[in-house]
Protein chains: 2
Amino acid sequence: MKAKITLKDIARELEVSISTVSKALKNSEEISRDTKEKVQAFAKLYNYKPNNIAISLKNKRTKNIGVVIPDIVHHFFTTVIRGIEKYANARGYNVIVCLSEESFDKEVINMEMLANGSIDGFIMSLSSETQEKGDYNHLKEVTEQGIPVVLFDRITNEIDCDKVIIDDELGAYMATKKFIEQGKKNIALITTDDYLSVSKARTMGYIRALEESDLGVDERKVLKLPSMEMDEKSIKKFMDSQELDAVLCVNEIFAVYSMRLAQQKGLKIPEDISFIGFTDGLLSKYANPSLTVVSQHGEKMGEVSAKMLIDKVESEEEEETYQTKILEPTLVIRDSIFH
Amino acid sequence: MKAKITLKDIARELEVSISTVSKALKNSEEISRDTKEKVQAFAKLYNYKPNNIAISLKNKRTKNIGVVIPDIVHHFFTTVIRGIEKYANARGYNVIVCLSEESFDKEVINMEMLANGSIDGFIMSLSSETQEKGDYNHLKEVTEQGIPVVLFDRITNEIDCDKVIIDDELGAYMATKKFIEQGKKNIALITTDDYLSVSKARTMGYIRALEESDLGVDERKVLKLPSMEMDEKSIKKFMDSQELDAVLCVNEIFAVYSMRLAQQKGLKIPEDISFIGFTDGLLSKYANPSLTVVSQHGEKMGEVSAKMLIDKVESEEEEETYQTKILEPTLVIRDSIFH
DNA sequence: ATGTATCACGAAAACGGTTTCGTGTTAATA
DNA sequence: TATTAACACGAAACCGTTTTCGTGATACAT
């Protein structure tokens, strides 16, 4: 086991000072060609690599970014992480992932763990419990300390920071309008309670599209589940209780599950009933029939978030100007609606 | 913006030494009750939290663990990360996630980035390119430096370290045997080239089950794709070229896709043809029909890996004994085979 | 009064780097 | 020959902790 070599080791071995070694490795003008070559050769031979922790302590920069998200098993968050990771890595940053599991307490603990020097900034999406409580003091604390934060997807207006979202209202509007154009009359929405910022926006888009048409909104056609968790019973009950010819779902799982319920009733998709979901995951692609979705461009979102965060981290200025980037959703047409 | 407060700040403010503050906050016996109370009150008031980086430098422990995996969008890896994160978090560790994207070079770069003090140990699954090349020098370097490594799922015997796998051979054996028991005669296998350790083991299990029966192995019934990437054309060609009544797939995507192909040909599942896949993801659960799978227990795998790693990191002893934990796969029966 | 514990605290080194500033040596200039 | 500038390097501070060791003050026993 050959332990890591330090500047001190090189200095001792070569009988020069630590400062000389440090400068020589940085190709400083101050050091003679001779010494530099000697030091560099020695360093290469023993595979010297500077200790990241020491550098972090000195620079007060860790080159780590903290990502706090509710869940990682959901396809959307996974793609966001991938976007963040790719971009951050390209700029020399590492990504520390923490899961809040939709819990307020875990979110707070995770942030506190990271906020004490472990990271240069946060990228996060709020847990449902946090959005439900409306308590954002942990975010305030962090931003007040001067740690940059980028909020994506599940955001709040109570915190001044950079934000990245897709236009959820528009996405739902587009989807609903599509149904209407295709002659659907009884268009349902399966979503969650309004405390989730995204669900609220999507519900608004759905309502706007219906109000613009002759159809109007029928409250019985809207199912609001308490959370993003699967709730087979409620969906089944909802689907059985009325005649529908189109269903917009706030995620792909709800959509695929309700498609199956429709199929079990002998309905044909998309002739008798059409479906659109949110999130362009594997499920949508390989469902039978394949599911038309509003794509949230998770990877792009991650990339944009990471760029905003790192730019802020590396900017010298203390300007406190924050922006909200709104990405355009796109409809990915598949076999669950008419082409 | 109130910046973080340090020991030095407290010491200056209270006109004591830094050492006194440090000890007082740790409730040291050395410090008088009076002073301790004063210091602790002040620290609480100004929300003092020790700087993680400084502590890491001192202790030579970061409380970070590095996870290097080929991909994060695959459900299996996602669940493993979740298992790691949950366990690690409970023991006060953070998880730094790096994606190799199946690339050898990225794997090497990621490991080098982290190996210079950023983490206390690695948990990783090899990229396909690495397994194909058979070049494990980056792993050797790391282990020689005394950094603990736990390899999971995609492992190699060339490196001495702790390992966690499921018994892939057994999983494939169980699945194939199930087909045989249900009277299937023409059992196909859709897998990848043998350089992937898991694929090789699964192929062996498939072969063993067939050889134990009267059926025997027919090489034309085995499709070896170059990678885990979806290759619709090859699968379609394979499925069209022969009469099959059962298909075992090395992942759930291949399985769901080939199920669809069968359905398009008018075959009934499971009567005419049955399917079993590996990986118990959303896709399997919500496919139509739902897919029977060999569950790899990703979350458990992550948990076990994290436990092994952290135990090793925190153990004082220098004992160089490594173990390989083999988890039992289980068959999750769903509608793609007879119940 | 002297010696010795005990107490309460501070100085300083250490972790592994970076960086500023000072200094001895050499060479060029007046 | 004396002065000065350039060169090449080292000392030391610093980042924020922890921890060992030393020490002055008080209290106690002799």
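Residue numbers start from 1 in every chain, and the chains themselves are labelled A, B, ... in the order their sequence lines are given, proteins ahead of strands. A quick note: this is a predicted structure, and the numbers were derived from the prediction, not measured.
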Begin with the C-alpha distance, continue with both residues' side-chain angles, and end with the deciding distance and a verdict on salt bridge (Lys or Arg N to Asp or Glu O under 4.0 Å) for A:E129 and A:K106.
CA-CA 10 Å; A:E129 213 187 340; A:K106 284 212 174 188; over 6 Å; no

Rounded to whole angstrom units, what separation is found between the CD1 atom of B:I18 and the P atom of C:dA12?
12 Å

Distance check, rounded to the nearest 0.5 Å: B:F122 atom CZ versus B:L114 atom CG?
5.0 Å

So, are B:K307 and B:D162 salt-bridged, with charged N and O less than 4.0 Å apart?
no

Any N/O donor-acceptor pair, B:K58 side-chain to D:dT17 base, under 3.5 Å
no

Can you tell me if A:Y48 touches the phosphate of C:dG17, counting only side-chain N or O atoms and a distance under 4.0 Å to OP1 or OP2?
yes

Going 5' to 3' through nucleotides 22-28 of chain D, assign each nucleotide B (protein heavy atom under 4.0 Å from a base atom), S (under 4.0 Å only from sugar-phosphate atoms) or - (no protein heavy atom that close).
-------

Looking at every strand, decide which applies to A:S56 at a 4.0 Å heavy-atom threshold: base, sugar-phosphate, or nothing.
nothing

Among the nucleotides C:dG17, C:dA11, C:dA14, whichever has the atom closest to the side chain of B:K23 is C:dA11

How close or far is atom P of D:dT19 from atom CG of B:L25, stated in whole angstroms?
13 Å

With a 4.0 Å limit, can you tell me whether A:S17 has a side-chain N or O closer than that to the phosphate oxygens OP1/OP2 of D:dG10?
yes

May I have the distance from B:K26 (atom NZ) to D:dT17 (atom C1'), rounded to whole angstrom?
8 Å

Is A:S19 touching bases, backbone alone, or none of the nucleic acid, heavy atoms closer than 4.0 Å?
base

Given B:K38 and B:D34, is the salt bridge (Lys or Arg N to Asp or Glu O under 4.0 Å) satisfied, shown in steps?
CA-CA 6 Å; B:K38 211 168 49 178; B:D34 260 20; over 6 Å; no

Reckon A:K60 has a side-chain N or O less than 4.0 Å from the OP1 or OP2 of D:dC14?
no

Given D:dT18, D:dG16, C:dG17, the nucleotide with the shortest approach to the side chain of A:L7:
C:dG17

Check this for me: does any side-chain nitrogen of one of A:D105 and A:K133 sit under 4.0 Å from a carboxylate oxygen of the other?
no

So if I take every side-chain heavy atom of B:K8 and compare against C:dG10, D:dC15, C:dT18, which nucleotide ends up nearest?
D:dC15

If you look at every strand shown and take non-hydrogen atoms under 4.0 Å, does B:T6 touch a base, only sugar-phosphate, or nothing?
sugar-phosphate

Nearest heavy atoms of A:D71 and A:F77, plus distance in Å
O-CB, 3.3 Å

Let me confirm one number: the CG-CG distance from B:N52 to B:L57, rounded to the nearest 0.5 Å.
12.5 Å

Does D:dT17 have its OP1 or OP2 closer than 4.0 Å to a side-chain nitrogen or oxygen of B:S22?
no

Within the 4.0 Å heavy-atom criterion, would you say A:S32 contacts the bases, only the backbone, or no part of the nucleic acid?
sugar-phosphate

